[in-house]
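Each chain gets a letter, A, B and so on, in the order its sequence line appears, and its residues count up from 1.
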Amino acid sequence: MRVIYQVLEKQITNALGKAFPEAKESQGSLNPHLMRATKPEFGDFQINGALALAKVIKKTPRKIAEDIIKELQKNSEFQKLCLPPEIAGPGFINISIREDCLTSEIQKRYRDKQLAVPLVKPNNDKKELEPIIVDFSSPNIAKEMHVGHLRSTIIGDSIARILEFRGHPVLRLNHVGDWGTQFGMLIAHLKSVAPKTLTTANAVDIGDLVTFYRQAKRCFDEDEDFQAASRDEVVKLQKGDPKTLKAWSLLCNQSRKEFQKIYDLLDIQLEERGESFYNPLLKKVVDDLAKSGLLITDNGAKCIFLEGFIGKDGKPMPIIIQKTDGGYNYATTDLAAIRYRLNPKPEGDGACRVIYITDAGQANHFAGVFQIAKEANWIPEHCRIEHVPFGLVQGEDGKKLKTRSGETVRLKDLLDEAIHRAKQDLIRRLREETRKESDDFIEHVSKTVGIAAVKYADLSQNRTTNYQFSFNRMLSLQGNTAPYLLYALVRIAGISRKGGDLDSEANDIEFSENQEWNLIRELLKFDEIVIEVEEELLPNRLCNYLFELCQVFNRFYDQIPVLKAKEPSKSSRLVLCRLTAETLKLGLNLLGIQTLERM
RNA sequence: GCUCCGUUAGCUCAGCUGGAUAGAGCAACUGCCUUCUAAGCAGUGGGUCUCAGGUUCGAAUCCUGAACGGAGCGCCA
């Protein structure tokens, strides 16, 4: 209905101009404030503009609304599209779209792969679309992925999918932590305790690596000599010492294999481009910042002091660009990354929008880095860089999610448990219903449902707030959960199995029942929702929509017979079933969730 | 201490950027299966939108202040 909305908005703006020529000068007052009706009783859209206009024109809002309607009704195009508008409450205008228009919208959408969501096109002055970068997941080498990576990975993937679906070239970048002090620590430690791991492939497995890392961290915190040795290793690494580089690449490979298992399980594509990639560019970042006069040396470190950044002691807090020992910090890497990503090809990625999916705790860091990039003039006029923050994953006690023994939850364990619980649930149901299914079926359904539940639970929440993780809730068969949505699709597949032709023609469709119109109106909202999510980067809006669509469909399914209806109702209803299935499948796909025919 | 974020039903959360009587889901209670999968549907009860001011035709939404909770804050990322 996005197109209808746009047409209406234009018509109403025109009508306003004609009805109130005297209001034209005062800016903004001719905005119709057209929006989707807040309740079904109010029709499809409502105009709120009459209320705001009352201030400018000295008439009551209801009188103004009357004049707007009079003007609108002179327009035959408007009349073709809408029923006569009604004035309600203090001066709202309620607008209902004519049923034949709704029907023809359904026909247009039927068998349209994009389901009426338009593809983006390049600007007039450019031949090609510029890529959008989604920077997400970003685990650290030599550590296992843990629950802290869950949200970034899931949310980032969904946002990338939505942008891709709109037609944007998307670079899904995995900015893995493969550089810096942690590596110094690890290599320095391994040199003394397990030197073989630094020269031989596959000499250490990821579990041991994690243990070594912990030991190294402890040494680093307690032993000053070890600190110095670690920093030495970092400097060697950054200077490209061949032995250190070899050791480094062995460690990275080991971790990479482990990450890939998780990404495969989650069905997520990512292009690895770690921090190390930007190493050759760091020196120029420092040099250019120095040239621009932003850099100040403080206690031997090269820093930038920004307005509004104040530390614990109340003194201005620096952002450190180069440490006293010559090493670089993550701010430096992030600055180098911004430059590279926004630089035109082939020197850079030529991106027009860069999206960082990280926890909200890094908001200050990004605010600082973005401000430096802006002051250094590294962000072209037409480009956007955005930090997309999300809240903490908490346990059911409201505290940061931990295992019973108080350790960080490994992502692999968490996903396995979701799948395991989905499986137990499925087996119990099969027993209760005395159904028999193959082992393959059980494995496939449990995996799909388990992963879907984890993803959907995360995505369906407004990402900015903390999120309370609960297996029981996310796997529940009722309510706003993945299993509920998947079940709606299974019901439609059931209709098809029982002989419903979900591939019939939509030429002669006809509707009469309330529940049909409710479903039609819900289906037609899809395009607006996708575009809104693309702009706001809030996938929970899409989840919310899909949940509502399922509720409307289930009401329809409960109250309206499909297979037993006479023609043309039967075919018309089958068209609605198919369109519902496609909308759900596509919607879930944009969330990175796979669907099922039976469950 | 400073900065950022949050506070909506017993619980978990929406609330589309200022609109009509604040909405879902869980939990509780009442109905509905010889019927396309009841993993569903229909219904009932449940609210000082943390508090106090302000802005205006109109505030959960915007501004100021307070309380409570969370996160971050100099050479880790």
Distance to the ring centre below 6.0 angstrom and angle to the axis at most 45 degrees; does that hold for A:Arg273 and A:Phe277? yes
Answer for the Watson-Crick or wobble partner of B:rA22, both distances under 3.5 Å, is none
With rounding to whole Å, what would you report as the distance between B:rU61 and B:rG1 at their C1' atoms? 31 Å
Determine the interatomic distance between C1' on B:rC41 and the same-named atom on B:rA66; round to the nearest Å. 47 Å
Is the shortest distance from a Lys or Arg side-chain nitrogen in A:Arg541 or A:Glu532 to a carboxylate oxygen in the other one below 4.0 Å? yes
Give the rounded distance in Å between these two atoms: CG of A:Leu295 and P of B:rG74. 19 Å
Does the ring of A:Phe92 meet both stacking tests against the six-membered base ring of B:rG19: centre distance under 5.5 Å and plane angle under 30°? no
Are a donor atom and an acceptor atom from the side chains of A:Asp178 and A:Ser276 found within less than 3.5 Å of each other? yes
Can you tabulate the close N/O pairs, meaning under 3.5 Å, that link protein atoms to atoms of nucleotides 40-42 of chain B?
{"from": "B:rG40", "atom 1": "OP1", "to": "A:Leu477", "atom 2": "O", "distance (Å)": "3.0"}
{"from": "B:rG40", "atom 1": "O3'", "to": "A:Asn554", "atom 2": "ND2", "distance (Å)": "3.4"}
{"from": "B:rG40", "atom 1": "O2'", "to": "A:Arg491", "atom 2": "NH1", "distance (Å)": "2.9"}
{"from": "B:rG40", "atom 1": "O2'", "to": "A:Arg491", "atom 2": "NH2", "distance (Å)": "3.4"}
{"from": "B:rC41", "atom 1": "OP1", "to": "A:Tyr484", "atom 2": "OH", "distance (Å)": "2.8"}
{"from": "B:rC41", "atom 1": "O2'", "to": "A:Asp558", "atom 2": "OD2", "distance (Å)": "2.7"}
{"from": "B:rA42", "atom 1": "OP1", "to": "A:Arg555", "atom 2": "NE", "distance (Å)": "2.5"}

Looking at A:Asp221 and A:Arg218, does any basic side-chain N land under 4.0 Å from a carboxylate oxygen? no
Given B:rG25, B:rC4, B:rG74, the nucleotide with the shortest approach to the side chain of A:Phe547: B:rG25
Separation of the C1' atoms in B:rG6 and B:rG46, to the nearest angstrom: 25 Å
Looking at A:Asp458 and A:Arg463, is there a salt bridge between them, counting it only when a charged N and a carboxylate O are closer than 4.0 Å? no
Using atom CD of A:Gln394 as one end and atom P of B:rC11 as the other, report the distance to the nearest whole Å. 15 Å
Classify the ring geometry between A:Phe370 and A:Phe366 as parallel (under 30°), tilted (30 to 60°) or perpendicular (over 60°). tilted
For B:rC51 and B:rA60, measure between their C1' atoms and round to the nearest Å. 14 Å
A:Ala363 side chain, from C-beta outward: closest of B:rG1, B:rG19, B:rC4: B:rC4
Base-pairing mate for B:rG6 - Watson-Crick or G-U, with both contacts under 3.5 Å: B:rC68
Report which part of the nucleic acid A:Ile560 touches: base, sugar-phosphate, or nothing (heavy-atom distance under 4.0 Å, all strands). base
Round to the nearest Å and state the distance from A:Tyr467 atom OH to B:rG6 atom P. 20 Å
Any luck finding a side-chain donor-acceptor pair between A:Tyr213 and A:Asn140 under 3.5 Å? no
What is the distance from CD1 of A:Ile310 to C1' of B:rC73, rounded to the nearest Å? 11 Å
Could you tell me whether A:Ala88 contacts a base, only the sugar-phosphate backbone, or nothing, with contacts defined as non-hydrogen atoms closer than 4.0 Å? base
Counting the atoms with a prime plus P, OP1 and OP2 as sugar-phosphate, which does A:Asn94 contact under 4.0 Å by heavy atoms, base, sugar-phosphate, or nothing? base
Short side-chain N/O contact from A:Thr465 to OP1 or OP2 of B:rA14, under 4.0 Å: yes
With a 4.0 Å cut-off on heavy atoms, is A:Asn48 in touch with a base, just the backbone sugar-phosphate, or nothing at all? base
note: A:Glu548, atom CD; B:rC16, atom C1'; distance rounded to Å ~ 11 Å
Residue matched to B:rC73 through Watson-Crick or wobble contacts both under 3.5 angstrom: B:rG1
With a 4.0 Å cut-off on heavy atoms, is A:Met185 in touch with a base, just the backbone sugar-phosphate, or nothing at all? nothing
Between B:rA14 and B:rA42, how far apart are the C1' atoms? Round to whole Å, please. 23 Å
Can you tell me if A:Asn540 touches the phosphate of B:rC16, counting only side-chain N or O atoms and a distance under 4.0 Å to OP1 or OP2? no
Expected label for B:rC33 (glycosidic angle, syn inside 90° of 0, else anti) would be syn
Closest to the side chain of A:Glu536, out of B:rU17, B:rC36, B:rC16, is B:rU17
When all nucleic acid strands are considered with a 4.0 Å heavy-atom cut-off, which category describes A:Lys498: base, sugar-phosphate, or nothing? sugar-phosphate
Categorize A:Pro318 for me: base, sugar-phosphate, or nothing, with a 4.0 angstrom heavy-atom threshold over every strand shown. base
Detail all sub-3.5 Å separations between protein N/O atoms and N/O atoms belonging to nucleotides 75-77 of chain B.
{"from": "B:rC75", "atom 1": "O2", "to": "A:Thr324", "atom 2": "N", "distance (Å)": "3.2"}
{"from": "B:rC75", "atom 1": "O2", "to": "A:Thr324", "atom 2": "OG1", "distance (Å)": "3.3"}
{"from": "B:rC75", "atom 1": "N3", "to": "A:Thr324", "atom 2": "OG1", "distance (Å)": "3.0"}
{"from": "B:rC75", "atom 1": "N4", "to": "A:Asn299", "atom 2": "O", "distance (Å)": "3.2"}
{"from": "B:rC76", "atom 1": "OP1", "to": "A:Arg231", "atom 2": "NH2", "distance (Å)": "2.8"}
{"from": "B:rC76", "atom 1": "OP2", "to": "A:Thr181", "atom 2": "OG1", "distance (Å)": "3.3"}
{"from": "B:rC76", "atom 1": "OP2", "to": "A:Lys323", "atom 2": "NZ", "distance (Å)": "3.0"}
{"from": "B:rC76", "atom 1": "O3'", "to": "A:Thr181", "atom 2": "OG1", "distance (Å)": "3.4"}
{"from": "B:rA77", "atom 1": "O3'", "to": "A:Glu275", "atom 2": "OE1", "distance (Å)": "2.9"}
{"from": "B:rA77", "atom 1": "O3'", "to": "A:Glu275", "atom 2": "OE2", "distance (Å)": "2.2"}
{"from": "B:rA77", "atom 1": "N6", "to": "A:Tyr330", "atom 2": "OH", "distance (Å)": "2.6"}

Partner of B:rU61 under the Watson-Crick or G-U wobble criteria, both distances under 3.5 Å, comes out as none
Can you tell me how far P in B:rC13 sits from the matching atom in B:rG18, rounded to whole Å? 25 Å
Side-chain ion pair, A:Glu548 and A:Lys525, N-O less than 4.0 Å: no
Measure the CD1-CG distance between A:Ile593 and A:Leu486 for me, rounded to the nearest 0.5 Å. 7.5 Å
B:rU17 - base-pair partner by Watson-Crick or wobble geometry, distances under 3.5 Å: none
Let's test this: given Watson-Crick or G-U wobble pairing with both distances under 3.5 Å, identify the partner of B:rU44. B:rA28
Polar side chain donor-acceptor pair, A:Tyr484 to A:Asn554, under 3.5 angstrom: yes
Do A:Asp359 and A:Gln362 have side-chain N/O donor and acceptor atoms under 3.5 Å apart? yes
Which whole-number value in Å describes the distance from A:Lys39 NZ to B:rA20 C1'? 7 Å
Can you tell me how far C1' of B:rA14 sits from CG of A:Asn544, to the nearest Å? 6 Å
Look at A:Asn462 and B:rG15 and indicate whether a side-chain polar atom (N or O) is within less than 4.0 Å of OP1 or OP2. yes
Judged by modelled atom types alone, do A:Asn48 and A:Gln46 share a side-chain donor-acceptor pair under 3.5 Å? yes
Is B:rC49 paired to anything, Watson-Crick or G-U wobble with both distances less than 3.5 Å, and if yes, which nucleotide? none
Considering only the P atoms, how many Å lie between B:rC62 and B:rC75, rounded to the nearest integer? 36 Å
Could you check how far OH of A:Tyr456 sits from C1' of B:rU12, rounded to whole Å? 14 Å
Is it true that a side-chain atom of A:Thr297 and a backbone atom of A:Lys302 form a donor plus acceptor pair closer than 3.5 Å? no
Base of B:rU17 relative to its sugar, syn (within 90° of 0) or anti? syn
Any strand, both distances under 3.5 Å, Watson-Crick or G-U wobble: B:rA38 pairs with none
With rounding to the closest Å, how many angstrom separate the P atoms on B:rU30 and B:rC36? 28 Å
